[in-house]
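Have a look at the structure below, then the notes.
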Amino acid sequence: MVRDRPRWVIFAGAGAALLLVAYLLLPADAPGPTAAVRAGERSRKAGPPPSPLPVIDFARIANPAPAPGLGTRDLFDFAAPPPPPMPSPVPETPEEIAAREAPPPVTVPTPTPLPPLNVKYIGAVERRGVKVAMLMTDRGEILTGQVGEMVGNRFRIVKIGIESVDVQQVGSEQVQRIPLKGN
C-alpha cells in the first residue's frame, strides 16, 4: 500500500528551494526589504537622511604615534626650595637659659564624659508646690523623686525642669541632663 504525501510538504520544499536560490543569486550588499521600509519611514519623517558611514583614515595607521615620554618627568620638580642656612649661634643670656629650662606648665586633665544613663525622663507632677520627677529605666521600672532625693540607689535628682531633669550619678560629681522622651 502506497501512501500519498501531503501537499503542504511539497509546497514547503519548493519555498525553501526558492529562498536558497534567491540567497545565492543576490549580492551580499543588495538592499533587502527592511531597507526599503526604512527609506519609506524616513521620507515620512521630515528630516535629512543619516550621513553615510565614516571613512577610516588608513594613512594614520602608517605613521606611528610619538613616544609618550614616560619616566622623563622629574617628580621633585615642584618641591619647596631648601631652607636657608642656619645663622651662626649667638651666645644666650642667663634669662634665656632659665626660660628654656623652666618646667612646662601643669595641665589639669578634663574629666572624661560619663556614659549615657540608662533612664528616660517621662514627666513631672507638681501638687501644692511639690514637684516630683518620673523616670523610667531600661527594664521598665518607674522611679519617682523630688529634688535632692536619691532615686533607685544610683541617681540623685539635682533639678526638675519642664522639658528635662538634671541627674547626678552616685560617686560622680558630674551632672547630666536627661531630656523629656515622647513615647
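Heads up: numbering here begins at 1 and tracks the sequence.
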For Glu141, I'd like to know if atom CD has over 12 heavy atoms of other residues, nucleotides or ligands within 6.0 Å. yes

Out of curiosity, Ile157 CD1 to Gln146 CD, how far, rounded to the nearest 0.5 Å? 8.5 Å

In terms of hydrophobic clusters joined by side-chain contacts under 4.5 Å, are Tyr121 and Val147 together? yes

Do you reckon Leu180 sits in the same ILVMFWY cluster as Ile178, going by side-chain contacts under 4.5 Å, direct or chained? yes

Are there more than 12 heavy atoms of other residues, nucleotides or ligands under 6.0 Å from atom CG of Leu24? yes

State, with a plain yes or no, whether a side-chain heavy atom of Val132 is found less than 4.5 Å away from one of Glu149. no

side-chain contact (heavy atoms from CB on, under 4.5 Å) against Ile122, all qualifying residues, sequence neighbours excluded: Met134, Met136, Ile142

For the CD atom on Glu126, are there more than 12 heavy atoms of other groups (residues, nucleotides or ligands in this structure) within a distance under 6.0 Å? yes

Heavy atoms, side chains only, cut-off 4.5 Å: are Leu135 and Val165 in contact? yes

Looking at every heavy atom in both Ser164 and Pro179, which two are closest together, and how far apart are they? CB-CA, 4.1 Å

Any non-hydrogen side-chain atom of Thr144 less than 4.5 Å from a side-chain atom of Val151? no

Nearest 0.5 Å please: distance from the CE atom of Met150 over to the CD atom of Gln168. 8.5 Å

Heavy-atom count around Asn153 CG within 6.0 Å, excluding the residue itself: above 12? no

Spell out, as yes or no, whether a donor-acceptor pair under 3.5 Å connects the side chain of Arg156 to the backbone of Gly148. yes

Min side-chain heavy-atom separation Gln169-Phe155 under 4.5 Å: yes

